[in-house]
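Before any comments, here is the structure.
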Amino acid sequence: MTTGREPADQPLPIITEESWAKVRAALDATADRFAALVASLPDGWAKATRDWSVTDVAAHVATIAGLYVSLTALDAGRGPDARLPARAANATLDTVGAMNEAWLRELTERDPERLAASLRANVGAVLSATAGTAPHTPVPWLGGSRVPVAGLLAHLLNELLIHGRDIARATRLPWPIPPEDAAWFFEFFFIGLTTYGAGHVLDAGATGRPVRTGRLVAEFRSRYTTPVTIVVHDGRVLAERPGRKPDVRVSYDPAVLALMLFRRVGRPRAVLTGKVVISGPRPWRLRHFFRTIRIP
């Protein structure tokens, strides 16, 4: 990951040539692993989540990879916003579920081998399109938000890791999530989203306004990521370098934090395993983080 030796005035997220190469390699390798898992499925109708079969999950990930092909495609005749479908451009945390269901209905393919091939081809296209791109280059994401292109790849990597686990658990197959791979989601995507602009993706669907929360200053530290302070105030989120006195300190294993954020592991269990350690003078204020950061 980042080393802490970067210039002090470099904006967050800190993305070096080395870390850019590592997130790309992790995405490539995990896509191969995910495709092999999907292609090996003996029964595509086994339940992977409450509502989706294992092939539904594979189709969902293939759809996201296809969207990211369009966002990263080299086309001098169109700006990046023109490549973002309207339903994604207008999405919020409260509407993203319906958006995913609509895309799932439109992609009718459920043959495991074909889905695996489609996913692998889409990830390959994303990697090829971004090979010569500066990793800090902003690209549009849901709800008028923007992330660095390294964050876009980190988000796709996280989708593969989380949903690969869903499929593997349903089929009783192993699916390790290396913490060094899981770390890129928080390091590049989440920090990138707060820095480049969250748009209205965090807004409440009924009001079209940010979720009203209290104020929180939380310091997040992991051996795999750059230390960062997250400030949450009335639904707005800011990432900055550590410096101000935190209400809460969070030490975490990136894989467990990701599973917790995506509701695969409950907070009590994450804490009891020692993989997420919460301390500081006002740890109860961490609830403001979880009320705001309902990551789609």
Side-chain angles (χ1 to χ4, degrees), residues 11-14 91-97 141-148 151 154-155 158 162 179 182-296:
L12 296 174
I14 297 170
T92 70
L93 286 170
D94 292 321
T95 64
V96 71
W141 197 63
L142 304 181
S145 62
R146 290 181 179 273
V147 296
H155 182 269
N158 186 70
I162 297 294
W184 299 120
F185 175 79
F186 192 86
E187 181 89 344
F188 288 168
F189 175 78
F190 178 73
I191 302 303
L193 183 68
T194 64
T195 302
Y196 283 53
H200 55 262
V201 72
L202 298 178
D203 295 354
T207 64
R209 296 189 297 273
V211 177
R212 304 294 292 183
T213 63
R215 183 177 180 275
L216 164 75
V217 178
E219 188 175 283
F220 285 78
R221 289 183 178 270
S222 164
R223 61 177 293 192
Y224 301 97
T225 57
T226 305
V228 66
T229 293
I230 303 296
V231 181
V232 178
H233 185 63
D234 285 341
R236 298 302 183 189
V237 185
L238 173 68
E240 58 186 39
R241 294 174 182 271
R244 61 168 98 191
K245 187 176 180 180
D247 300 305
V248 187
R249 294 181 180 89
V250 181
S251 300
Y252 63 96
D253 177 294
V256 176
L257 181 67
L259 291 171
M260 187 177 74
L261 290 175
F262 286 88
R263 297 174 292 281
R264 266 55 176 191
V265 172
R267 281 177 241 165
R269 178 183 169 191
V271 171
L272 287 173
T273 62
K275 298 294 187 178
V276 175
V277 178
I278 300 171
S279 61
R282 290 171 289 276
W284 61 89
R285 287 193 177 177
L286 194 61
R287 69 182 185 276
H288 300 319
F289 178 83
F290 291 109
R291 286 179 60 197
T292 303
I293 310 303
R294 300 168 294 141
I295 300 174

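No hydrogens, no waters, no symmetry mates; every other heavy atom, side chains included, goes into these values.
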*Hey, what do you get for NE2 (His233) to CG (Leu216), rounding to the nearest 0.5 Å?*
11.5 Å

*Is Glu240 close to Val217 at the side-chain level, that is, under 4.5 Å between some pair of heavy atoms?*
no

*Dump the intermediate steps for ring pair (Phe, Tyr, Trp, His ring centres under 6.0 Å) on Tyr196 and Trp141, then the final yes or no.*
CA-CA 11 Å; Tyr196 283 53; Trp141 197 63; over 10 Å; no

*Side-chain heavy atoms of Thr226 within contact of Glu187, under 4.5 Å*: yes

*So which heavy atom on Asn158 is nearest to which on Ala258, and how close?*
OD1-CB, 3.9 Å

*Over all atoms of both residues, closest heavy-atom pair of Thr229 and Gly243*: OG1-N, 4.3 Å

_Here's a test for you: under side-chain contact (heavy atoms from CB on, under 4.5 Å), which of Val277, Val276, Leu257 qualifies with Ser251?_
Val277

*Contact summary for Gly192 and Pro13, nearest pair of heavy atoms*: CA-CD, 3.8 Å

*Would you call the rings of His155 and Phe185 parallel, tilted or perpendicular if under 30° counts as parallel and over 60° as perpendicular?*
tilted

*asked:* Measuring from atom CE of Met260 to atom CG of Asp253, what distance do you get when rounded to the nearest 0.5 angstrom?
replied: 11.0 Å

*Would you name the heavy atoms of Val248 and Arg282 that are closest together and state the gap between them?*
CG2-O, 3.2 Å

_Heavy-atom pair with the smallest gap, counting every atom of Phe188 and Ala154_ = CB-CB, 4.0 Å

_Can you classify the ring geometry of Phe186 versus Phe220 as parallel (below 30°), tilted (30 to 60°) or perpendicular (above 60°)?_
tilted

*With respect to Leu12, which candidate in Ile191, Thr194, Leu238 satisfies the side-chain contact (heavy atoms from CB on, under 4.5 Å) definition?*
Ile191

*Please report the closest heavy-atom contact between Arg236 and Gly199, naming both atoms and the distance.*
NH1-O, 3.9 Å

*Using side-chain contact (heavy atoms from CB on, under 4.5 Å) as the criterion, list what pairs up with Thr273, not counting sequence neighbours.*
Arg269, Lys275

*Pairing residues for Ser222 by the side-chain contact (heavy atoms from CB on, under 4.5 Å) criterion, not counting sequence neighbours*: Tyr224, Thr225, Tyr252, Pro254

*Does the side chain of His288 come within less than 4.5 Å of Asp247's, by heavy atoms?*
no

